[in-house]
Amino acid sequence: MRRSIVHVVFALLGCSCYRDINLDDYRGEASVVLNSIVTPDTVIMADISKTWFFTEYEPAEDIKDLNVELYVNSRWMARMEYNGEKYVSDIYPGEGDTVRIQAFIKGDGLVVAEDVVPALSRIEEVRVSHRKVPSGNPSIEVDGDVINKRQDNEFVYKIYFQDEPDRKNYYFIRIEECDHRQVLGTLDYSLDPVFRILSEQISNGLTVQSLNGQLGLPFSDQGIDGREYALTIRETGPDSFYDYGDSCFRRIRLYAISEHYYLYLLSLQAALQDGSWQGGMADIGMAEPAAIYSNVRGGTGILGSQQQDCWLYDIRSASHRR
Amino acid sequence: MRYVLSLVIGLSLHSFSAAQDRADSISRKVHKLDEVVIVENQARQKNLLSPYTGIISMNAEHIRNLSSLFGEADVLKALQTYSGVSAGVEGFSGMYVRGGDNDENLYVLHGLPLYHVNHLGGLFSSFNVSAIDKVDFYKSGFPVSFGGRISSITDISLKEGDYEKYGGQASLGLLSGNVFVTGPIKKDKTAVSVGMRRSWLDILTVPTLAVMNKMKEKDGKKEIGRYAFTDLNLKLDYKARNIKGYTQFYWGKDYLKVGEELFLNENLLSYKEANITQMKWGNRGLSSGAVWKKDDVQVTLNGYYTHYEADFGQEQTEFSSEDKVTSNDFVRKRNTNGIRDLGTNMDVSYTLSEHFWIKTGIHYTYHNYYPEKVVIESNADNFDPPALASGKKVKAHETAAYMDTHFLLSEQWRINGGIRGVFYSSSGRKHFVGEPRLNLRYSPGKNFSVKAGYARMTQFVQQICNSYISLPTDSWLPVSNKWKPLTSDQISVGWYGNLPFGFYFSVEGYYKWMNHLLEYKEGIHSFSPGADWSDKLTSGRGRAYGVDVNIYRNAGRVTGSIGYGLLWNRRRFDDLNKGKSFPSKYDNRHKLNIACNYKLSERVELNAGWTYASGNRVTLSLYNYHGMEGSGFPEDMAPSGIIQDKWGLDYYSGRNNVRLPAYHRLDVGIDIRKNLKKNRQGIWNIGLYNAYSRMNPIAINKKALENIHGEEGRWSSRFQTLGIFPVIPSVSYTYKF
């Protein structure tokens, strides 16, 4: 919609024209990219590479043989070694630990990133209600002269968790299929106010009727601070998604994420899924683009942290287990 | 004659000193020539003798002679051709004067301040040239009677009504038509002028879309699109023995609607879904004033009400009917921003002697701002709109008093000094600022002069814009408790003179400091719907300096101008670009403009204009980098919520890091006049905008294609420029009666 509006305006203005341009003169030095996600479930590791000039589709390979150091709570812990894919350590971080990774790059100096591992937020309960609803697809099935009304299944998830008071908390929620033959229906987050706030933040558009995110969405505790809260998410799909097998499990992951990681995810959503006029203008190069958030000094990328809790829920029999 | 001239120039009555009396006396000698020549001679004399630097005066005829887009004469597009004025994005009436931003220009339409002066997103300005008499444009050396904006003042005088007989003109162009009529209500006492302009693009687009939609009906799709603008100028002029007065009403409105409908009608099932976006914006206002003049004293009184409002609406509706069971869901969102001002001015000027002249005045404005009002409505189940920063009105009182003095020390020396004091109060916060202005002229000979000037300007409201064109949805934000008023200090020095064969010139250097500029914070910091406006913004400073060189000729059969501008324009904000200084978007280093008119005969006039400017700057991601997925972290460990493509994420190395290719275009036109019966005249104007069809880039996009030529594994990624205006022929007909 956003592009169509902008293009209709330009169509009214005249006939637009795209032409290739060589910007090699602007080619400068590539920057260092440090990416890492820290969680108590695994050892601390990092990927270090470089940015690449857009017209050369040669995604930068890892920078090897660097002196990469790991600090936890300001204490030197280990030198991270390159294992052919990443720089790894044998350190498992704990909740509340401040993790700092710094790499010395010849010619680029010091590249540093730091984050704090958030407290785990447990899913306390999941409830799912089910009903049949008229299909959102207006097409009709014709069987001879009989018109069969198409109906969809609607599952409404209520995911209960306790938000810790007196501090800012950030989360990421995700619902997954456990068997690819039991396809995940369309997820709609618009029933819940925390996601409507998110929608306003990233798009400033009209998203009250539906707000999708098949791979999950981040949210903050704005408006729910310190409360036990039930997130509401709706899944809708035809019978064929749910017919296979004796049970139909969904995996529900609630991640507690750090503020840095939340800002990174928010900026990703805004940059790649922005539905606003402003975003449309930015897409065609007519407005100031929103850069992806980075907490890496001396380079770019993200050092984020998370802890996750996971539930399995059989939406057919209403049984569930952690 | 002096009296008549002062009326031609307008009732705002600026610096007419003893030196300008001389200019008048020169003009008096040629008073038998037509009014155009008088005004042009004034421009030449003003250039030489006025103490002010950076003044441009144009009359309606001059504006009409400049070829313009779609053949529509346009005040702002005419001003954009001068050195020191950057045009912004092609086709849009942006005006960035000597490194300033688009919101730093004061537009006064015959005593009525206007906030948003663009039609069609800036393709045309709101001023109907048919109703205009004269435009005075200041880019430095600002008269002390003006304030409230830091970069320029555009003072537009409307035509005075004809006290003797009815007359006027009507014209029809490619996109709009307009009519202007003037005549006496009471002969020699009261005159009325009415100017009205309306676009007629919708008359073409509505039936075209109807035909297209009819063809697409079987696909269940309908496109919606409509645009129209209207403006109306209504003016009453009246005069008594020592008093001249006017009352004018201005109304300008734009309406844009785009969207699409999807529908299905089969047997018992009926379904319709619509997504519609609407924008409405415009100014309206009323002003009234009178000038009383006796001997050496002149008193001007003026009062006005101006109202600007922009409304941006989005609507989604869904209707379904099946077996007589119907549902009708909707969600609407409406963003409104606007300003209402009520003001009054009193100015008194007194000529003590041929060598000393004084002007003083007091101005008061009551501002009513509503920066952003958001309303969301829906009949959806469990509808609970998110908390938004909305609807906070801000009221402010702005009072200014000034004193302006002119000394003609000798034939060579002239000094103009003044001070303007402004008291601004809003939300319990008070600001008092002093704005000293000083202008000095030294004339070593009768054909040359040297001038120097200093001006401090203050601005209490800023329009915050994140796109490269000025949109009516961009909110005007008054200074808050957090932010200080925007200020500028500008010094300028110039050399001015008359040359043989009717040529005259100006060479002017300037340096401008701008403080407390506001911009949106970068990236995610601006994403907070519940946050107050002031938390989304950051304050910084700007510097601009350069040289403007202009050569004019407005006598003889060949007239025209050559203007060259050299500009450096930079910004520094602690919260932007990692605190490093960066070039402004309109850091157009070089600008050259050549305009030429050739009067082939009494009936035929040719005109041509060539413009060259260094490209605007844009923020462009030149490099890409791996996100978490590309770095090999699995989605369950590093959730992102999005599918990242193979090109990774955009990396921005700096703000405004790329300069667009240079802008240049040639416009040509011809006016063919035909004298008709009863002293009437018909004028055909035929023109070519961008005659050699250079698709001047307005933006650069990144384009990534996969598997080009069907070859597996081959990629193509490239940068592409976007240009929107090819050669555009135009034709218009004007009938003068």
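Here is the naming used below: chain letters follow the sequence lines, and residue numbers restart at 1 for every chain. Since this is a predicted model, take the numbers as computed values, not measurements.
How far CG of A:Leu268 is from CE of B:Met628: 9.5 Å, rounded to the nearest 0.5 Å. A distance of 8.5 Å separates CE in B:Met637 from CG in A:Asp41, rounded to the nearest 0.5 Å. To the nearest 0.5 Å, atom OG of residue B:Ser640 and atom OH of residue A:Tyr261 are 6.5 Å apart. Note: B:Ser631 OG to A:Ile37 CD1 = 11.5 Å, rounded to the nearest 0.5 Å. One distance of note links CD1 of B:Ile724 with SG of A:Cys17; it measures 11.5 Å at 0.5 Å rounding. Rounding to the nearest 0.5 Å gives a distance of 4.5 Å between CD1 of B:Ile700 and CD1 of A:Ile21.
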Go through the steps for B:Phe633 and A:Asp47 under the test side-chain contact (heavy atoms from CB on, under 4.5 Å), then give the verdict.
-> CA-CA 9 Å; B:Phe633 291 98; A:Asp47 184 75; 4.2 Å; yes

side-chain contact (heavy atoms from CB on, under 4.5 Å) between A:Glu288 and B:Arg655, intermediate numbers included = CA-CA 9 Å; A:Glu288 205 59 42; B:Arg655 199 172 173 100; 3.8 Å; yes

B:Tyr651 vs A:Ser31, side-chain hydrogen bond (donor to acceptor under 3.5 Å, both in side chains): CA-CA, chis, key distance, verdict = CA-CA 9 Å; B:Tyr651 174 68; A:Ser31 297; 3.1 Å; yes

Step by step, would you call A:Asp20 with B:Thr721 a side-chain contact (heavy atoms from CB on, under 4.5 Å)?
-> CA-CA 6 Å; A:Asp20 289 355; B:Thr721 58; over 6 Å; no

Decide yes or no on side-chain contact (heavy atoms from CB on, under 4.5 Å) for A:Arg19 and B:Gln720, but give the supporting numbers first.
-> CA-CA 5 Å; A:Arg19 283 193 181 147; B:Gln720 291 189 325; over 6 Å; no

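Closest non-hydrogen pair, B:Asp636 versus A:Gln308, comes out as O-NE2, 3.2 Å. B:Pro639 and A:Phe172 make their closest contact through CB-CE2, 3.4 Å (heavy atoms, listed as atom of the first residue, atom of the second, distance). Closest approach of B:His626 and A:Ser49 over heavy atoms only: CD2-OG, 3.9 Å. Taking each heavy atom of B:Asp650 and A:Ile292 in turn, the nearest pair found is O-CG1, 4.1 Å.
The environment of NZ in B:Lys702 is crowded: more than 12 heavy-atom neighbours from other residues, nucleotides or ligands sit within 6.0 Å. Taking a 6.0 Å sphere around CZ of A:Arg253, one finds it holds more than 12 heavy atoms contributed by other residues, nucleotides or ligands. The environment of CZ in A:Arg251 is crowded: more than 12 heavy-atom neighbours from other residues, nucleotides or ligands sit within 6.0 Å. The number of heavy atoms from other shown groups lying within 6.0 Å of NZ (A:Lys168) is above 12.
Heavy atoms closer than 4.5 Å to chain B are found in both the backbone and the side chain of A:Ile302. For A:Thr232, no part lies near chain B; criterion is any non-hydrogen pair under 4.5 Å. For B:Lys585, the part lying under 4.5 angstrom from a heavy atom of chain A is the side chain only. A:Tyr26 touches chain B through backbone and side chain together, each having a heavy atom under 4.5 Å away. Proximity to chain A (any heavy atom under 4.5 Å) is shown, for B:Leu262, by neither the backbone nor the side chain. Interface residue B:Asn701: only side-chain heavy atoms are found under 4.5 Å from chain A. Residue B:Glu635 touches chain A through both its backbone and its side chain, counting heavy-atom pairs closer than 4.5 Å.
With hydrogens and angles ignored, the 3.5 Å screen pairs no side-chain donor or acceptor of A:Lys50 with any backbone N or O of B:Tyr625. The closest donor-acceptor contact from the side chain of B:Asn624 to the backbone of A:Thr51 lies at 3.5 Å or more, if one exists at all.
Between A:Phe54 and B:Tyr623, every side-chain heavy-atom pair lies at or beyond the 4.5 Å cut-off. With a 4.5 Å cut-off on side-chain heavy atoms, B:Leu649 and A:Thr300 do not count as touching.
Comparing A:Gln214, A:Gln306, A:Glu85 by how many heavy-atom pairs each has under 4.5 Å with chain B, the most go to A:Gln306. Per-residue counts of heavy-atom pairs under 4.5 Å with chain A were compared for B:Asn656, B:Leu620, B:Thr619; the largest is that of B:Thr619.
Residue pairs meeting the salt bridge (charged side-chain N to carboxylate O under 4.0 Å, His left out) criterion with at least one member in residues 22-36 of chain A, sequence neighbours excluded: A:Asp24-A:Arg27, A:Arg27-A:Glu56.
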